[in-house]
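Residue indices begin at 1 and follow the sequence shown.
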Amino acid sequence: AGLSKMGLSITRTPAPHYLSHHLRRFIRDNNVNLILDVGAYHGDYCAMLREEIGYRGAIVSFEPSRASFEVLRSRMGADSGWRGLQYGLSDTDGSATLHTFDSGDFNSLLDLKPQLAQVYGVDASKSVTETIQLHQIDTVWPAIVRNCPTPRILVKIDTQGHDAAVFRGAADHLEHVVGVQTELPAIELYDGMTPMADALKLYDSHGYAPIGFFPVTYLGDFGVVTEFDVILKRFSVETVGSVARLAESQADVLPGRPM
(Lines give C-alpha, C1' and ligand atoms only; values in the text may rest on other atoms or scores of the structure.)
Protein backbone atom coordinates (compact mmCIF):
# COMPACT_ATOMS: atom_id res chain seq x y z
CA ALA A 1 0.00 0.00 0.00
CA GLY A 2 2.85 2.36 0.88
CA LEU A 3 4.49 1.88 -2.53
CA SER A 4 1.25 2.47 -4.41
CA LYS A 5 0.75 5.79 -2.60
CA MET A 6 4.14 6.88 -3.93
CA GLY A 7 3.25 5.79 -7.46
CA LEU A 8 5.54 2.75 -7.30
CA SER A 9 4.91 -0.92 -7.88
CA ILE A 10 6.80 -4.21 -7.84
CA THR A 11 6.74 -6.43 -10.90
CA ARG A 12 8.65 -9.43 -12.14
CA THR A 13 11.57 -8.93 -14.51
CA PRO A 14 11.07 -8.62 -17.41
CA ALA A 15 7.90 -6.58 -17.01
CA PRO A 16 4.84 -7.80 -18.98
CA HIS A 17 5.03 -4.94 -21.49
CA TYR A 18 8.68 -5.60 -22.35
CA LEU A 19 9.74 -7.30 -25.57
CA SER A 20 11.77 -9.84 -23.61
CA HIS A 21 8.70 -10.92 -21.62
CA HIS A 22 6.75 -11.62 -24.80
CA LEU A 23 9.72 -13.41 -26.38
CA ARG A 24 10.11 -15.67 -23.35
CA ARG A 25 6.45 -16.63 -23.52
CA PHE A 26 6.49 -17.07 -27.31
CA ILE A 27 9.58 -19.31 -27.22
CA ARG A 28 8.06 -21.44 -24.46
CA ASP A 29 4.54 -21.73 -25.86
CA ASN A 30 5.71 -22.53 -29.40
CA ASN A 31 8.50 -24.96 -28.45
CA VAL A 32 11.12 -22.94 -30.32
CA ASN A 33 14.38 -24.91 -30.59
CA LEU A 34 16.33 -22.78 -33.08
CA ILE A 35 16.62 -19.00 -33.33
CA LEU A 36 18.10 -17.26 -36.37
CA ASP A 37 19.64 -13.90 -35.45
CA VAL A 38 19.77 -12.07 -38.78
CA GLY A 39 21.75 -8.84 -38.58
CA ALA A 40 23.47 -9.90 -35.37
CA TYR A 41 25.87 -6.91 -35.15
CA HIS A 42 27.79 -7.49 -31.86
CA GLY A 43 25.49 -10.19 -30.44
CA ASP A 44 23.42 -8.09 -28.06
CA TYR A 45 20.21 -9.89 -28.99
CA CYS A 46 21.70 -13.31 -28.30
CA ALA A 47 23.12 -12.13 -24.99
CA MET A 48 19.59 -11.05 -24.07
CA LEU A 49 18.25 -14.48 -25.09
CA ARG A 50 20.76 -16.24 -22.86
CA GLU A 51 20.95 -13.91 -19.87
CA GLU A 52 17.52 -12.31 -19.61
CA ILE A 53 15.15 -14.80 -21.22
CA GLY A 54 17.00 -17.96 -20.23
CA TYR A 55 16.82 -19.57 -23.68
CA ARG A 56 19.26 -22.50 -23.87
CA GLY A 57 18.48 -23.79 -27.37
CA ALA A 58 20.41 -23.39 -30.60
CA ILE A 59 21.19 -19.98 -32.12
CA VAL A 60 22.63 -19.17 -35.55
CA SER A 61 23.77 -15.56 -36.00
CA PHE A 62 24.31 -13.89 -39.39
CA GLU A 63 26.55 -10.83 -39.64
CA PRO A 64 28.17 -9.77 -42.93
CA SER A 65 30.39 -6.92 -41.70
CA ARG A 66 33.97 -8.04 -41.04
CA ALA A 67 34.52 -5.75 -38.07
CA SER A 68 31.17 -6.57 -36.46
CA PHE A 69 31.63 -10.29 -37.01
CA GLU A 70 34.97 -10.28 -35.17
CA VAL A 71 33.26 -8.75 -32.12
CA LEU A 72 30.42 -11.26 -32.48
CA ARG A 73 32.83 -14.19 -32.71
CA SER A 74 34.59 -13.20 -29.51
CA ARG A 75 31.26 -12.80 -27.73
CA MET A 76 30.10 -16.30 -28.71
CA GLY A 77 33.09 -17.62 -26.80
CA ALA A 78 32.62 -21.14 -25.51
CA ASP A 79 28.85 -21.25 -26.08
CA SER A 80 28.57 -24.46 -28.13
CA GLY A 81 24.91 -23.79 -28.92
CA TRP A 82 25.61 -20.44 -30.60
CA ARG A 83 27.08 -20.39 -34.13
CA GLY A 84 27.95 -17.45 -36.35
CA LEU A 85 28.01 -17.18 -40.15
CA GLN A 86 29.74 -14.25 -41.83
CA TYR A 87 27.30 -13.36 -44.57
CA GLY A 88 23.99 -11.59 -44.94
CA LEU A 89 20.60 -12.99 -45.88
CA SER A 90 18.36 -11.81 -48.70
CA ASP A 91 16.05 -13.06 -51.46
CA THR A 92 18.98 -13.53 -53.87
CA ASP A 93 22.45 -15.08 -53.73
CA GLY A 94 25.49 -13.00 -54.64
CA SER A 95 27.57 -10.02 -53.58
CA ALA A 96 26.32 -6.61 -52.46
CA THR A 97 27.59 -3.32 -51.08
CA LEU A 98 27.11 -2.62 -47.38
CA HIS A 99 27.17 1.00 -46.20
CA THR A 100 28.91 1.15 -42.82
CA PHE A 101 29.12 3.92 -40.25
CA ASP A 102 31.12 4.67 -37.10
CA SER A 103 27.95 3.71 -35.27
CA GLY A 104 27.64 0.23 -36.76
CA ASP A 105 24.01 -0.23 -35.77
CA PHE A 106 23.10 1.95 -38.79
CA ASN A 107 24.93 -0.30 -41.29
CA SER A 108 22.65 -1.09 -44.22
CA LEU A 109 22.44 -2.17 -47.84
CA LEU A 110 20.29 0.95 -48.33
CA ASP A 111 21.22 4.63 -48.24
CA LEU A 112 20.50 6.39 -44.94
CA LYS A 113 18.44 9.53 -45.57
CA PRO A 114 20.71 12.54 -44.87
CA GLN A 115 18.14 14.54 -42.91
CA LEU A 116 17.46 11.61 -40.58
CA ALA A 117 21.16 10.81 -40.23
CA GLN A 118 21.56 14.34 -38.89
CA VAL A 119 18.74 13.86 -36.37
CA TYR A 120 20.43 10.72 -35.02
CA GLY A 121 23.87 12.30 -34.96
CA VAL A 122 25.28 10.06 -37.68
CA ASP A 123 27.90 11.65 -39.94
CA ALA A 124 26.83 10.22 -43.29
CA SER A 125 29.87 11.78 -44.97
CA LYS A 126 32.07 9.30 -43.11
CA SER A 127 30.21 6.28 -44.44
CA VAL A 128 32.42 3.65 -46.07
CA THR A 129 31.41 0.68 -48.18
CA GLU A 130 32.22 -3.00 -47.85
CA THR A 131 31.53 -5.80 -50.31
CA ILE A 132 29.63 -8.61 -48.61
CA GLN A 133 28.08 -11.94 -49.54
CA LEU A 134 24.34 -12.58 -49.46
CA HIS A 135 22.45 -15.88 -49.44
CA GLN A 136 18.85 -16.98 -49.24
CA ILE A 137 17.75 -19.00 -46.23
CA ASP A 138 16.46 -21.55 -48.74
CA THR A 139 19.92 -21.85 -50.33
CA VAL A 140 21.86 -22.36 -47.09
CA TRP A 141 19.15 -24.35 -45.29
CA PRO A 142 21.32 -27.44 -44.61
CA ALA A 143 23.95 -25.30 -42.87
CA ILE A 144 21.28 -23.57 -40.79
CA VAL A 145 19.49 -26.66 -39.46
CA ARG A 146 22.62 -28.76 -38.91
CA ASN A 147 22.03 -31.06 -35.90
CA CYS A 148 18.39 -29.91 -35.65
CA PRO A 149 16.28 -32.59 -37.39
CA THR A 150 12.89 -31.15 -36.35
CA PRO A 151 13.38 -27.38 -36.36
CA ARG A 152 10.84 -25.01 -34.83
CA ILE A 153 12.35 -21.68 -35.73
CA LEU A 154 12.01 -18.09 -34.63
CA VAL A 155 13.64 -15.74 -37.15
CA LYS A 156 14.74 -12.40 -35.71
CA ILE A 157 15.51 -9.91 -38.50
CA ASP A 158 17.20 -6.56 -37.93
CA THR A 159 18.86 -5.50 -41.19
CA GLN A 160 18.09 -1.78 -41.34
CA GLY A 161 15.60 -1.90 -44.18
CA HIS A 162 16.21 -5.31 -45.78
CA ASP A 163 13.97 -7.45 -43.53
CA ALA A 164 11.30 -8.21 -46.14
CA ALA A 165 13.91 -9.56 -48.57
CA VAL A 166 15.27 -11.88 -45.88
CA PHE A 167 11.76 -13.26 -45.31
CA ARG A 168 11.14 -13.78 -49.03
CA GLY A 169 14.36 -15.79 -49.21
CA ALA A 170 12.87 -18.37 -46.81
CA ALA A 171 9.74 -19.09 -48.87
CA ASP A 172 10.44 -22.80 -49.33
CA HIS A 173 10.92 -23.53 -45.62
CA LEU A 174 8.32 -21.37 -43.87
CA GLU A 175 6.56 -24.45 -42.53
CA HIS A 176 9.44 -24.67 -40.03
CA VAL A 177 9.26 -20.99 -39.04
CA VAL A 178 6.77 -20.62 -36.19
CA GLY A 179 7.48 -16.94 -35.69
CA VAL A 180 9.25 -13.85 -36.95
CA GLN A 181 10.59 -10.86 -35.07
CA THR A 182 11.14 -7.98 -37.46
CA GLU A 183 11.85 -4.25 -37.26
CA LEU A 184 9.14 -2.24 -39.04
CA PRO A 185 9.39 1.48 -39.80
CA ALA A 186 6.81 4.06 -38.84
CA ILE A 187 9.19 6.55 -40.48
CA GLU A 188 11.42 5.19 -43.23
CA LEU A 189 15.04 5.98 -42.34
CA TYR A 190 16.52 4.58 -45.56
CA ASP A 191 15.81 5.13 -49.24
CA GLY A 192 13.94 2.16 -50.70
CA MET A 193 12.83 0.80 -47.33
CA THR A 194 9.68 -1.38 -47.37
CA PRO A 195 6.85 0.60 -45.73
CA MET A 196 5.25 -0.93 -42.65
CA ALA A 197 1.89 -1.54 -44.33
CA ASP A 198 3.50 -3.34 -47.28
CA ALA A 199 5.63 -5.49 -44.98
CA LEU A 200 2.61 -6.51 -42.91
CA LYS A 201 0.77 -7.48 -46.10
CA LEU A 202 3.70 -9.67 -47.10
CA TYR A 203 3.74 -11.50 -43.77
CA ASP A 204 -0.05 -11.75 -43.79
CA SER A 205 0.00 -13.41 -47.22
CA HIS A 206 2.05 -16.26 -45.73
CA GLY A 207 -0.10 -16.66 -42.60
CA TYR A 208 1.87 -14.54 -40.12
CA ALA A 209 -0.10 -12.19 -37.89
CA PRO A 210 1.39 -9.60 -35.49
CA ILE A 211 0.98 -10.39 -31.79
CA GLY A 212 3.05 -7.55 -30.34
CA PHE A 213 4.48 -4.12 -31.24
CA PHE A 214 7.37 -2.67 -29.21
CA PRO A 215 8.90 0.81 -29.79
CA VAL A 216 12.60 0.76 -30.68
CA THR A 217 13.66 4.33 -31.45
CA TYR A 218 12.17 7.80 -31.20
CA LEU A 219 12.64 10.86 -33.40
CA GLY A 220 14.64 13.44 -31.47
CA ASP A 221 12.67 15.35 -28.84
CA PHE A 222 9.35 14.90 -30.62
CA GLY A 223 8.46 11.59 -28.96
CA VAL A 224 7.49 10.07 -32.33
CA VAL A 225 8.29 6.36 -32.66
CA THR A 226 10.30 5.71 -35.83
CA GLU A 227 10.60 1.92 -35.60
CA PHE A 228 8.87 -0.97 -33.88
CA ASP A 229 10.06 -4.47 -33.09
CA VAL A 230 7.12 -6.64 -34.13
CA ILE A 231 6.55 -10.29 -33.21
CA LEU A 232 4.52 -12.26 -35.74
CA LYS A 233 3.14 -15.74 -35.21
CA ARG A 234 2.44 -18.23 -37.96
CA PHE A 235 -1.17 -19.30 -38.34
CA SER A 236 -2.83 -20.71 -41.42
CA VAL A 237 -3.41 -18.18 -44.19
CA GLU A 238 -7.13 -18.90 -43.82
CA THR A 239 -7.05 -18.10 -40.09
CA VAL A 240 -5.28 -14.78 -40.65
CA GLY A 241 -7.79 -13.88 -43.35
CA SER A 242 -10.71 -14.70 -41.07
CA VAL A 243 -9.29 -12.51 -38.28
CA ALA A 244 -8.80 -9.63 -40.71
CA ARG A 245 -12.38 -9.92 -41.95
CA LEU A 246 -13.66 -10.02 -38.36
CA ALA A 247 -11.66 -6.90 -37.49
CA GLU A 248 -13.09 -5.08 -40.51
CA SER A 249 -16.63 -6.03 -39.57
CA GLN A 250 -16.14 -4.92 -35.96
CA ALA A 251 -14.60 -1.62 -37.09
CA ASP A 252 -17.87 -0.77 -38.82
CA VAL A 253 -19.68 -0.60 -35.46
CA LEU A 254 -17.00 0.96 -33.26
CA PRO A 255 -18.21 4.02 -31.28
CA GLY A 256 -17.39 7.26 -33.02
CA ARG A 257 -16.87 5.68 -36.44
CA PRO A 258 -18.94 7.32 -39.19
CA MET A 259 -21.75 5.04 -40.30
From S20 atom OG to M48 atom CE, the distance as rounded to the nearest 0.5 Å | 6.0 Å

At what distance, to the nearest 0.5 angstrom, does CG of D79 lie from CD1 of I59?
-> 6.5 Å

Please confirm whether the backbone N or O of Q136 pairs with a side-chain atom of D93, one donor and one acceptor, at under 3.5 Å?
-> yes

Pairs of donor and acceptor atoms involving the side chains of residues 142-152, under 3.5 Å and at least two apart or interchain, shall be tabulated with distances.
residue: R152; atom: NE; partner: N30; partner atom: O; Å: 2.8
residue: R152; atom: NH2; partner: N30; partner atom: O; Å: 3.0

Joint hydrophobic cluster, L34 plus F62, side-chain heavy atoms closer than 4.5 Å | yes

State plainly whether one hydrophobic cluster holds both V122 and V216, where clusters connect Ile, Leu, Val, Met, Phe, Trp and Tyr through side-chain heavy atoms under 4.5 angstrom apart.
-> no

Do E227 and T217 get their side chains close enough for a donor-acceptor pair, meaning under 3.5 Å?
-> yes

For residues 191-202, which residue pairs qualify under side chain to side chain donor-acceptor pair (under 3.5 Å), counting only residues two or more places apart or in two chains?
-> none

Check ion pair D229-K156 (N to O, under 4.0 angstrom) | no

Between CG on residue L49 and CZ on residue R56, distance to nearest 0.5 Å | 10.0 Å

Does the side chain of I231 reach to within under 4.5 Å of the side chain of V180, using non-hydrogen atoms?
-> no

Is there a path of hydrophobic side-chain contacts, each under 4.5 Å between heavy atoms of I, L, V, M, F, W or Y residues, that connects L98 with F106?
-> no

Check whether any side-chain heavy atom of L200 sits under 4.5 Å from a side-chain heavy atom of L184, and report yes or no.
-> yes

Under 3.5 Å, is there a donor-acceptor pair between the Q181 and Y45 side chains?
-> yes

Counterpart residues, ring-ring contact (aromatic ring centres under 6.0 Å, His included), relative to Y190 (two or more places apart) | none

Euclidean distance, E51 CD relative to D44 CG, rounded to 0.5 Å = 9.5 Å

For L134 and A96 the tightest heavy-atom approach is CD1-CB, 3.5 Å

From CA spacing to verdict: side chain to side chain contact (heavy atoms under 4.5 Å, CB included), I35, I153 | CA-CA 6 Å; I35 295 178; I153 299 174; over 6 Å; no

Please name the pair of heavy atoms, one in L72 and one in G43, separated by the smallest distance, quoted to 0.1 Å.
-> CD1-CA, 3.6 Å

So do the side chains of R66 and E130 get within less than 4.5 Å of each other, counting heavy atoms only?
-> yes

Check whether any side-chain N or O of D163 sits under 3.5 Å from a backbone N or O of E183 as a donor-acceptor pair, and report yes or no.
-> yes

Rounded to the nearest 0.5 Å, the CD1 atom of I53 sits from the CG atom of L19 at a distance of 7.0 Å

For L189 and M193, work out which heavy atoms get closest and say how close.
-> N-SD, 3.6 Å

Are the aromatic rings of H135 and W141 close, with centres under 6.0 Å apart?
-> no

Heavy-atom check, side chain of F167 versus side chain of H206, under 4.5 Å | yes

Hey, mind stepping through Y55 and R24 against side chain to side chain contact (heavy atoms under 4.5 Å, CB included) and telling me if it holds?
-> CA-CA 8 Å; Y55 173 70; R24 177 186 290 169; over 6 Å; no

Would you call P64 and Q86 a side-chain contact if the rule is heavy atoms closer than 4.5 Å?
-> no

Residues S61 and W82: closest non-hydrogen pair is OG-NE1, 2.8 Å

Do T129 and T97 meet the criterion of a side-chain donor-acceptor pair at a distance under 3.5 Å?
-> no

Transitive ILVMFWY side-chain link Y87 to V71, under 4.5 Å = no

Closest non-hydrogen contact found for A186 with V225 is CB-O, 3.3 Å

Side chain to side chain, Y218 and T226, heavy atoms closer than 4.5 Å | no

Ring centre gap for F235 and Y208 strictly below 6.0 Å | no

Give, for atom CZ of R168 and atom OG of S90, the distance between the pair rounded to the nearest 0.5 Å.
-> 7.5 Å

Would you say D138's side chain and A171's backbone share a donor-acceptor pair under 3.5 angstrom?
-> yes

Would you confirm whether S205, through its side chain, and L202, through its main-chain N or O, come within 3.5 Å as a donor-acceptor pair?
-> yes

Does P195 reach the side chain of P185, with side-chain heavy atoms less than 4.5 Å apart?
-> no

Decide yes or no for N33 and N31: does some side-chain heavy atom of the first lie under 4.5 Å from some side-chain heavy atom of the second?
-> no

Any chance the side chains of H99 and N107 put a donor and an acceptor closer than 3.5 Å?
-> no

Test side chain to side chain contact (heavy atoms under 4.5 Å, CB included) on E188 and K113 and set out the steps.
-> CA-CA 9 Å; E188 292 145 35; K113 294 180 178 180; 4.1 Å; yes

What's the shortest heavy-atom distance between D123 and F101, and which atoms?
-> O-CD2, 4.4 Å

For a side-chain contact (heavy atoms from CB on, under 4.5 Å) with L36, tell me which candidate from L154, L89, V155 qualifies.
-> V155

Please check if the distance between the ring centroids of F214 and F228 is under 6.0 Å.
-> no

Intermediate values then yes/no, side-chain hydrogen bond (donor to acceptor under 3.5 Å, both in side chains), Q133 and S95 | CA-CA 5 Å; Q133 294 301 309; S95 60; 4.9 Å; no

Same cluster or not: are L110 and I132 linked, directly or through other Ile, Leu, Val, Met, Phe, Trp or Tyr residues, by side-chain heavy atoms under 4.5 angstrom apart?
-> no

Would you check, one step at a time, whether the test side chain to side chain contact (heavy atoms under 4.5 Å, CB included) holds for V224 with I187?
-> CA-CA 9 Å; V224 176; I187 297 175; 3.9 Å; yes

Under the 3.5 angstrom rule, does the side chain of R73 hit a backbone N or O of G84 as a donor-acceptor pair?
-> no

